[in-house]
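Data first, discussion second: the structure below is written as structure tokens.
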There are 2 protein chains.
Amino acid sequence: MPELNARQISQLPPLAAIRVFEAVARHLSFTKAAGELGMTQAAASYQIKLLEERVGAPLFLRRPKQIVLTEAGQRLAPAVSEAFALLSGAYAAARSGADGVLCVSTLLTFASNWLARHLGSFQVAHPSLAVRLDTSNRVVDFTREDIDIAIRSGGGTWPGVEVHKLFNADFTPVLSPQLAASIGGVKEPADLLRLPILDPGDPWWRDWFIAAGLPVEELARRPGSSMGAQAYEANAAIAGQGVAIVTKALFSAELADGRLIQPFDLVGDDGHAYWLVYPQARRNVPKIRAFRDWILAEIAGR
Amino acid sequence: MPELNARQISQLPPLAAIRVFEAVARHLSFTKAAGELGMTQAAASYQIKLLEERVGAPLFLRRPKQIVLTEAGQRLAPAVSEAFALLSGAYAAARSGADGVLCVSTLLTFASNWLARHLGSFQVAHPSLAVRLDTSNRVVDFTREDIDIAIRSGGGTWPGVEVHKLFNADFTPVLSPQLAASIGGVKEPADLLRLPILDPGDPWWRDWFIAAGLPVEELARRPGSSMGAQAYEANAAIAGQGVAIVTKALFSAELADGRLIQPFDLVGDDGHAYWLVYPQARRNVPKIRAFRDWILAEIAGR
DNA sequence: GTTCGGGCATAAGGCCTCCTTATGGGCCGT
DNA sequence: ACGGCCCATAAGGAGGCCTTATGCCCGAAC
């Protein structure tokens, strides 16, 4: 790759004039070039004159009815054309090529339980768009990380970003049917007390217990470790290791095929939700629109 | 060579912003890049923001103490560097490369009788400068022909050009010593009437005859053809075919070595002269200065 | 922990570039 | 000879772009 140094850069020609020169050299006409560039013939004449003064030599010979390149102009024109083709290509690539890869920052559970199952239809709809998932529970800063769009959970109030609610982050206990059967079925909330509670320190449990009219003191005494993500706890629940409290919407498949059951209709809700977020300034970037439109339709369509 | 079409050109990025981007990508610092470009950090920030909006994607990630290129930026940067290197090279070549060839439009006689004998010392002094002679008696129009500098004869009043007088276009008869001897020597002007006059229609003859007190009627009756250039007529004179009327300064060598003799001190002068001319606007172009300085010194040095 | 410094972002304001309109000259074709 | 095409030039104006000034953030150092 060619190396540039400060001296070379500082000696770059006036770029606006070079752009005009390229067009004039291609058309061999000031008037036509000006037309192409959307300016007047006088402006083109001005820029060429400027450039000729900088170069120190005429670039065109003004013949009646037609202009021709001087020797100096002939030297300059091909390189300028090539340089502009390069620029044009790279610029186009950066513009739409940014379309090439969509970087989605997503919460672990949302990725494994929702995106993993639906992303296929997005790929089908946008075959030229590769999706890179960046899974973490941090709240990403779009100005510091190379992320296009993110799934977050929370109150939905973040500055500088566009937000769309996907679904409420409600929560309700789930467990495997085998585990429920082991105590003769789970008929009322209190039955849960006879089973292991997965991550009993999760505030959701406390909220739900209160809503269900159960005592919370006992919860606090239970030993327990948080696995840090609903997906892990749900897997433990499926394996029959205990009762997990999760967001229904993320486990519709497990609930539908019976790997998990929801013993009670009671659903807690702390006002949080899952949100789609992206920088306001980029709301019209094609790939971001595409993903937004797709995910909202996908959520609504169920 | 890459082809450009109007659509591509119209989609070129803002070039000023691209120039800033190139510098920032090289330094990975807004402040340093701005310094290199001789502008403030705020200006660089402004341009990058502008470009990012046009591209539709961030080009840099703002990390504390340092910025890094985003994926889009990484795609753009190498091509931009390459394009600028191309431009820079071509521009430099057009600037100094214009130094490479000096196109001199010259009168035929001046070329063969003066330049041909002196040009060697110019080549020695400027070995990197190739001289292309364009010989014709037209008055070249610098805006229509690819000419850097010209030798003209005339009154010295042309608009838009810088002029330097080389020497007066004086005129006096010359002939070969053998021809003079054939009539027993040429002692007084009237002796010329006994010899063939080369190009008797030339106004110079009329002027000189009048100055010498000879009758001009006889001149007009003589048959004669103009050869169109002093050099041709001088050659005819050297061959003994007649008497030519020429500018002394252009035939100093022939007069010195005796191939031609100047029988009379009487020299005509119609106020014309030989001039060095070039466009005023280009008076500081190195190769033009070089040629001007050389030829004036060479003329003065004799 | 607090302060200092480096680096980028942003706002307001002004200059100067660059474009437009208008006009003229040169040359060609009818 | 005259109208049309094309480029050059002058005058005038708008807006892009740069500057100054200020704020914020973060990390380093004491």
Side-chain angles (χ1 to χ4, degrees), chain A residues 10 12-21 23-54 58-70 73 139-145 159-160 279-281, chain B residues 10 12-21 23-54 58-70 73 139-145 158-161 279-281:
Chain A
S10 65
L12 270 181
L15 294 175
I18 286 283
R19 167 186 232 146
V20 176
F21 169 76
V24 175
R26 201 150 27 81
H27 289 290
L28 287 179
S29 157
F30 285 42
T31 307
K32 289 202 189 70
E36 169 183 315
L37 297 175
M39 54 195 211
T40 60
Q41 168 269 325
S45 177
Y46 169 84
Q47 292 288 4
I48 294 299
K49 178 173 200 171
L50 210 78
L51 185 59
E52 287 178 328
E53 278 169 5
R54 283 287 200 93
L59 297 169
F60 296 98
L61 298 176
R62 279 74 166 173
R63 300 268 176 73
K65 275 316 240 190
Q66 177 209 12
I67 58 179
V68 299
L69 285 161
T70 63
V139 171
V140 301
D141 180 342
F142 292 106
T143 70
R144 297 200 187 171
E145 302 180 48
Q280 279 170 351
Chain B
S10 65
L12 271 180
L15 294 174
I18 287 284
R19 170 186 229 146
V20 176
F21 169 75
V24 174
R26 203 150 25 82
H27 288 291
L28 288 179
S29 157
F30 286 42
T31 306
K32 290 202 188 70
E36 171 183 313
L37 297 174
M39 56 194 207
T40 60
Q41 168 269 322
S45 176
Y46 169 83
Q47 293 288 4
I48 294 299
K49 178 173 201 171
L50 209 77
L51 185 58
E52 287 178 329
E53 279 168 6
R54 284 286 201 93
L59 297 169
F60 297 98
L61 299 176
R62 280 71 168 175
R63 300 270 177 72
K65 276 316 242 189
Q66 178 210 10
I67 58 180
V68 299
L69 284 161
T70 64
V139 170
V140 300
D141 180 340
F142 291 105
T143 70
R144 297 199 189 174
E145 302 181 49
W158 294 283
V161 297
Q280 280 169 353

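A note on names: the letters A, B, ... follow the listed sequences, proteins ahead of strands, and every chain is numbered from 1.
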Value for CZ (A/Arg19) from CG (A/Leu51), rounded to nearest 0.5 Å, stands at 14.0 Å

Could you check A/Gln47 against B/Glu52 and say which one's nearest nucleotide on DNA chain C is further toward the 5' end? B/Glu52

Any idea which of D/dC6, C/dT10, C/dC19 is nearest the A/Thr31 side chain? D/dC6

Distance (rounded to the nearest 0.5 Å) between B/Arg62 CZ and B/Ser45 OG: 7.0 Å

It should be established whether B/Gln41 places a side-chain nitrogen or oxygen under 4.0 Å from OP1 or OP2 of nucleotide D/dT19. no

Using a cut-off of less than 4.0 Å, is there contact between a side-chain N or O of B/Ser29 and OP1 or OP2 of C/dG7? no

Considering only side-chain heavy atoms of A/Arg62, which listed nucleotide, C/dA22, D/dC7, C/dC8, is closest? D/dC7

Under 4.0 angstrom, heavy atoms only, what part of the nucleic acid is A/Thr40 near: base, sugar-phosphate, or nothing? base

Presence of A/Lys49 side-chain N/O under 4.0 Å of D/dC7 phosphate oxygens OP1/OP2: no

How many Å lie between CG on B/Leu28 and P on C/dG6, as a whole number? 20 Å

By the 4.0 Å heavy-atom rule, please label A/Gln66 as base, sugar-phosphate, or nothing. nothing

Gap between atoms CZ and C1', on A/Phe142 and C/dC8 respectively (whole Å): 20 Å

In whole angstroms, the gap separating P of C/dT20 from CG of A/Leu37 amounts to 10 Å

Just wondering, do A/Phe60 and A/Thr70 contact through their side chains at under 4.5 Å, heavy atoms? no

Can you measure A/Leu61 atom CG to D/dC7 atom P for me and round it to whole angstrom units? 13 Å

Under a 4.5 Å cut-off applied to non-hydrogen side-chain atoms, are A/Val20 and A/Met39 in contact? yes

Among C/dC18, D/dT19, D/dC7, which nucleotide sits nearest the side chain of B/Ala43? D/dT19

Regarding A/Tyr46, tell me which of base, sugar-phosphate or nothing describes its non-hydrogen contacts under 4.0 Å with the strands shown. base

Write down the distance between CZ (A/Arg19) and P (C/dT17), rounded to a whole number of angstrom. 19 Å

Please give, in whole Å, the distance from C/dC8 P to B/His27 NE2? 12 Å

Nearest-Å distance, CE (A/Met39) to P (C/dC19)? 5 Å

Smallest separation among heavy atoms of A/Phe21 and A/Ile48, with atom names: CA-CD1, 3.6 Å

Distance in angstrom units between A/Leu50 CG and D/dT9 C1', rounded: 14 Å

When all nucleic acid strands are considered with a 4.0 Å heavy-atom cut-off, which category describes A/Ser45: base, sugar-phosphate, or nothing? base

First encountered from the 5' end of DNA chain D, between B/Gly38 and A/Asp141: B/Gly38

